[in-house]
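Notes to accompany the following structure.
If you're wondering where the values come from, they're calculated on a predicted model, not measured in any experiment. First listed ligand is number 1; within each ligand, the first listed atom is number 1.
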Amino acid sequence: MGSHSVEAIKAASGRLRGTIGESLADPLTGALREDDRVLLKFHGSYQQDDRDVREERRLAKLEPDFSFMIRIRTPGGLLTPEQWLALDAIARAHAQRGLRITTRQTIQFHGVQKHALKTTMQAIDASGIDTIAACGDVNRNIVVAANPASSGLHAQVHAQAAALAVRLLPRTRAWHETWLDAPPGADSGSEHEPHYGATYLPRKFKIGFAIPPWNDIDVFAQDLGFIAVIDDAAGALVGYDVVIGGGMGATHGDATTYPRLATTIGSITPDHVEAVALAVLTTQRDHGDRDNRQHARLKYTLDDRGVAWFRGEVERRAGLTFAPPRAVTFADNGDRFGWSEDANGRWNLGLRIPAGRVLDEPGAQWQSGLRAVAESLLAGTRAVHKHGCVRGELGEPDTAGDRAPMFRLTANQNLVIAGVTAAQRSRIDALLRAHGIDLHRRAGPVRLHALACVALPTCGLAMAEAERYLPTFVERIEALLEEHDLDDAPIHLRISGCPNGCSRPYLGEIALVGKAPGRYNLLLGADHRGQRLNVLYRENVDEAAILAALDPLFSLYADERDPGERFGDFLLRAGVIAPPRQRKIPTPLEVSA
Ligand code: SRM
Ligand code: SF4
C-alpha cells in the first residue's frame with residue numbers, strides 16, 4: 001500500500017478507529033477490511049495468514065488461513081511473574097506457537113483467530129498490559145538495557161525510559177473503545193494528539209536507552225538512542241549521549257534504501273531527555289517523507305537534510321544547546337548469560353531462549369519450565385509484591401523495582417530472571433534443569449548469541465526461512481567451527497528472512513539475509529559491539545555455498561587472529577572484507593564538520 005493511501009487512511013480514521021468493530025463482526029471472512037488492517041497495527045496487531053498452506057488453499061479455492069499476530073507493549077521488557085503467568089495462559093487459550101520474545105523486548109502471540117481477538121485483548125488488559133502503539137506509525141516499545149547487574153544506575157535509567165514511554169503514547173482512546181467497549185467521550189474521534197497530530201508519524205519511530213559498556217539494545221540501530229554517561233567515581237548518572245538516525249530496513253536491489261548506524265549529535269543532562277525526545281520526534285513528524293514510505297524513516301530525513309540542520313532543529317525545539325558527546329565505546333552487543341549479582345545484592349539469571357520462542361519442544365519444555373519458575377517466584381514473594389507492573393511503568397521509580405523478582409525480556413530475544421534471592425536461585429536452577437532449558441550452561445557461544453527473526457510461516461514479507469532455519473544452520477556452523485578448533489569463538493550470527501532486518505542482521509559478524517527460499521545474501525564483518533555495519537560477501541547463495549565461503553575464512557581466523565581478536569574485526573584487519581560504507585560512528589569532530 002502506497003504512502004498516499006496510508007496517510008489518507010490515518011487522516012480519515014477518526015483517530016485510528018476506522019471500522020475495526022464492523023470488520024470484527026463480519027462472520028463471512030477471517031480477515032479485516034483493507035483500511036482496518038492498516039489501522040489495526042496502531043492497536044498492536046497484524047493480520048497474517050499461514051504461508052505454509054497458502055498455495056494449497058488457493059488451489060482449493062479457500063480464502064487464506066487468516067489469523068492475527070498480537071504484540072504487547074512492555075517498555076524496557078519488564079514483566080512481573082504474575083504477568084508472565086497471565087501471558088502464558090493467554091498463549092495457551094488463544095494463540096499458537098507459545099510466546100515469542102521479540103528483538104524489541106516484548107512478546108508477540110501468533111495465530112489468534114479473528115473471533116478471539118477481542119477476548120485476547122481483554123485478557124491482556126486484565127493483566128495490566130496493553131498493546132497500544134506496539135506497531136504503527138508512532139513511537140514503538142522503548143528498549144532499555146535489560147540486566148540490572150549491568151549497572152548500579154540501572155533502575156534510574158529504566159525509570160526515565162518509563163516516564164518517556166508514557167509521555168509519547170498516543171492520546172486517542174480508540175484502543176479502549178474498540179477492545180474494552182469503553183464508552184465514547186465527547187471528543188472521541190477527534191482527540192487532541194499533542195505530539196502526533198491527525199496523521200501521526202510518517203513511519204515507525206524507535207527509541208532505546210543503553211548503559212555502557214553493554215550495548216544489548218543495539219543503540220545505533222534506533223531512530224533515537226540515549227547512551228548513559230556515568231561518573232564512576234561519584235556513582236552518578238551525569239547525562240546521555242544522544243544518537244539519531246539508526247535503522248536496519250532495506251530493499252534488495254534498491255540502493256536508495258540502506259541500513260544505517262545512528263549518528264551522535266551531542267550530550268545532554270538527564271533532565272533534558274523528554275525535551276530532546278519530543279524535539280526529535282516532532283522534527284521527524286514535520287519533515288519526514290510522507291510521499292514514499294520506503295524513504296520515510298528518520299535516517300533518510302537526516303541524510304537528506306544533513307546532521308547540522310537536524311541538530312539545529314532539535315536544539316531550537318528543545319530550547320537547549322548540545323554539549324560535546326563523550327563518544328562511548330561499547331564492549332559487546334550480546335546478552336550475558338548465567339547468574340550475576342546486582343547492586344542490591346539480588347541475583348539475575350541471563351537465560352538463553354533460542355529465537356525467543358517460548359514453546360514446549362521435545363527435550364526442552366520452555367513454556368512449562370518458565371511457568372514453573374514464575375509460579376515458584378510468586379509463591380515466595382506474593383506478600384511483598386502484590387501490585388504487579390502497571391502498564392507503562394517499569395517498576396517502582398526507586399530501586400525497589402530491582403529488588404522484586406521480575407521477568408526482564410531482552411532485545412536479543414532472551415530473558416533475565418531478575419531480582420531473586422540466593423535461595424530462589426537454587427530452586428530456579430533445579431526447575432530449569434528438570435525442564436531441559438538450562439541452555440546457558442550447555443550451549444556454545446554462537447548458539448547463545450544467535451538471533452533470527454520470525455519469518456515463515458507468519459510473516460507476510462519473508463523471502464526465506466529464519467527462525468525455523470536457525471537450529472539447523474547453527475548446527476552446521478558449530479560443526480565447521482569445531483573442524484577448525486574454534487568451538488569457543490564467540491561469533492555473533494544473525495539471520496533475517498528478508499532485508500527489512502528485524503534481527504538487526506547488518507550488525508552481525510556473520511549474517512544471512514533472505515533472498516528466496518533456501519537462498520540468502522551472506523554479509524560479514526560487523527563488530528560485536530553494534531558500532532560497525534557488516535558488508536555483502538556473497539549474493540543469493542544456498543547453504544552449501546555459504547559454508548564453502550566460511551570454511552577458508554575460519555581457517556584463516558584460526559591461524560592468524562591476534563589474541564582475543566573477534567571474527568568481525570579480524571576479517572576487516574586481514575583485508576577479507578573492505579571497510580563498510582558507514583564504517584563506524586562519526587567522531588565528535590566529524591559530526592561538527
Ligand atoms: Fe520487524 C515488519 C517482526 C523488530 C524492521 N517486523 C515486520 C513485520 C510486522 C512484518 C510485516 O510488516 O508484515 C514482522 C512480523 C513477523 C511475525 O510474523 O511476527 C516483523 N520485527 C519483527 C520482530 C517480531 C522480529 C523478531 O524476530 O523478534 C521484532 C518485533 C519488535 C517489537 O517487539 O516491536 C521486529 N523490525 C524489528 C527491528 C529490530 C529493532 O527494532 O531493534 C527492525 C530493524 C530496525 C529498524 O526498524 O530499522 C525491524 N520490521 C522492520 C521493517 C523495516 C522497516 C524499514 O525501515 O524499512 C519492517 C517492514 C516495514 O516496516 O515495512 C518490519
Ligand atoms: Fe519478516 Fe523480514 Fe522482519 Fe524477518 S526481517 S520478520 S522476514 S519482515
Side-chain angles (χ1 to χ4, degrees), residues 1 3 6 37-38 41 44-51 67-75 77 97 100-111 131 133-143 202-208 216-223 225 245-252 254 257-262 292-300 333 353 355-357 409-414 451-470 494-507 511-515 530:
M1 184 170 288
S3 287
V6 174
R37 267 177 244 163
V38 172
K41 298 177 188 178
S45 179
Y46 268 70
Q47 179 178 307
Q48 303 183 317
D49 73 285
D50 182 349
R51 294 184 57 187
S67 66
F68 293 82
M69 174 269 273
I70 298 179
R71 186 184 289 166
I72 63 169
R73 187 175 62 85
T74 53
R97 301 171 68 214
R100 175 57 157 71
I101 302 174
T102 74
T103 51
R104 287 197 75 74
Q105 262 184 331
T106 192
I107 282 183
Q108 284 187 184
F109 301 105
H110 289 106
T131 68
C135 318
D137 298 342
V138 281
N139 175 52
R140 301 289 191 90
N141 197 44
I142 294 187
V143 290
R203 219 36 173 97
K204 57 179 76 166
F205 185 85
K206 299 181 172 180
I207 299 180
D216 56 332
I217 58 137
D218 271 331
V219 72
F220 296 103
Q222 311 293 324
D223 291 283
M248 296 280 102
T251 304
H252 286 311
D254 179 356
T257 66
Y258 44 85
R260 186 188 191 285
L261 292 179
N292 176 5
R293 286 183 71 79
Q294 302 276 70
H295 186 256
R297 292 293 294 273
L298 189 150
K299 62 183 174 182
Y300 301 120
N333 64 345
I353 316 266
R357 184 67 67 180
L409 312 169
T410 84
N412 288 317
Q413 303 173 325
N414 296 309
L451 302 185
C453 73
V454 177
L456 294 163
T458 50
C459 179
L461 305 178
M463 299 171 175
E465 297 280 356
E467 180 183 326
R468 294 195 298 195
Y469 180 45
L470 182 71
R494 297 180 172 189
I495 307 179
S496 273
C498 85
N500 283 316
C502 299
S503 60
R504 298 185 292 271
Y506 310 106
L507 291 167
L512 308 188
V513 172
K515 268 226 115 173

Main chain of T102, side chain of R71: is a donor-acceptor contact present, judged purely on distance under 3.5 Å?
no
Given R203, Q413, R293, Q48, which one has a non-hydrogen atom that is nearest to atom 60 (C) of ligand 1?
R203
Who's the nearest protein heavy-atom neighbour of atom 51 (C) of ligand 1, and how far?
K204 NZ, 3.3 Å
Return the residue, atom name and 0.1 Å-rounded distance of the protein heavy atom closest to atom 42 (O) of ligand 1.
R504 NH1, 2.7 Å
Taking all heavy atoms of A464 and all of A455, pick out the closest pair and write down the distance.
O-CB, 3.6 Å
Between R37 (side chain) and Q47 (backbone), is there a donor-acceptor pair under 3.5 Å?
no
How far does CD1 of I217 sit from CG of N333, to the nearest 0.5 angstrom?
10.5 Å
Nearest protein heavy atom with distance in Å, relative to atom 26 (C) of ligand 1
R100 NH1, 3.4 Å
To the nearest 0.1 Å, how far is atom 55 (C) of ligand 1 from its closest protein heavy atom, and which atom is that?
R297 NH1, 3.6 Å
For R297 and R203, indicate whether the former's side chain and the latter's backbone hold a donor-acceptor pair under 3.5 Å.
no
Atom 12 (O) of ligand 1 [closest protein heavy-atom partner, distance rounded to 0.1 Å]
Y46 CE2, 3.3 Å
Decide whether an N or O pair under 3.5 Å exists between T106 and ligand 1.
no
Report yes or no: does A452 have a heavy atom closer than 4.0 Å to ligand 1?
yes
Taking the non-hydrogen atoms of N141, is any one of them nearer than 4.0 angstrom to ligand 1?
no
In sequence, state the C-alpha distance, the side-chain angles, and the governing distance for D137 and R293, and then conclude on salt bridge (charged side-chain N to carboxylate O under 4.0 Å, His left out).
CA-CA 11 Å; D137 298 342; R293 286 183 71 79; 3.0 Å; yes
Under the criterion side-chain contact (heavy atoms from CB on, under 4.5 Å), which of V513, L512, N412 is the partner of R494?
N412
Heteroatom proximity flag, V454 to ligand 1, N/O under 3.5 Å
yes
How far is atom 43 (C) of ligand 1 from the closest protein heavy atom, and which atom is that?
K206 NZ, 3.4 Å
Is H110 in contact with ligand 1, taking contact as a heavy-atom separation below 4.0 Å?
yes
Less than 4.0 Å is my threshold; does some heavy atom of L461 fall inside it relative to ligand 1?
yes
Between Q108 and ligand 1, find which residue part has any heavy-atom pair under 4.0 Å and reply side chain, backbone, both or neither.
side chain
Distance filter under 4.0 Å to G247 heavy atoms, resulting ligand 1 atoms
48 (O)
Atom 14 (C) of ligand 1: closest protein heavy atom, distance to 0.1 Å, is C459 SG, 4.0 Å
If only atom types and distance count, is the side chain of S496 paired as donor or acceptor with the main-chain N or O of C453 below 3.5 Å?
no
Closer than 2.8 Å to atom 4 (Fe) of ligand 2 - protein N, O or S atoms, ordered by chain and residue number:
C453 SG
What atoms of ligand 1 come closer than 4.0 angstrom to any heavy atom of T458?
17 (C), 18 (O)
Any salt bridge between D218 and K206, counting N to O under 4.0 Å?
no
How long is the span from the CG atom in L451 to the SG atom in C502, to the nearest 0.5 Å?
11.5 Å
Any donor and acceptor pair, going by atom type alone, linking the side chain of H252 with main-chain N or O of G514 inside 3.5 Å?
yes
Applying the side-chain contact (heavy atoms from CB on, under 4.5 Å) criterion to V454, which one of R468, Q48, Q108 satisfies it?
Q108
For atom 57 (O) of ligand 1, grab the closest protein heavy atom and report residue, atom and distance to one decimal in Å.
G249 CA, 3.6 Å
Quick one about S503 and T103 (side-chain donor to acceptor, distance below 3.5 Å, no hydrogens or angles considered), yes or no?
no
Atoms in ligand 1 with a heavy atom of M248 nearer than 4.0 Å
44 (C), 45 (C), 46 (C), 48 (O)
Please report the C-alpha distance between R140 and Q222 in whole Å, then the side-chain angles of each, then the deciding distance to 0.1 Å, and finally whether the side-chain hydrogen bond (donor to acceptor under 3.5 Å, both in side chains) criterion is met.
CA-CA 11 Å; R140 301 289 191 90; Q222 311 293 324; over 6 Å; no
So, applying side-chain contact (heavy atoms from CB on, under 4.5 Å) with Q105, which one of D216, N141, I142 is it?
N141
Which atoms form the tightest heavy-atom contact between I101 and I353, and what is the distance?
CD1-CG1, 4.2 Å
Look at atom 33 (O) of ligand 1 and find which of D223, D137, T102, L456 reaches it with the closest heavy atom.
T102
Around atom 1 (Fe) of ligand 1, number of protein N/O/S atoms which are nearer than 2.8 Å
1
Indicate the atoms forming the closest heavy-atom contact of A221 with M248, along with that distance.
CB-CE, 4.1 Å
Side chain proximity check, Y506 to P499, heavy atoms < 4.5 angstrom
yes
Which distance, rounded to the nearest 0.5 Å, do you find between the OG1 of T251 and the OH of Y258?
12.5 Å
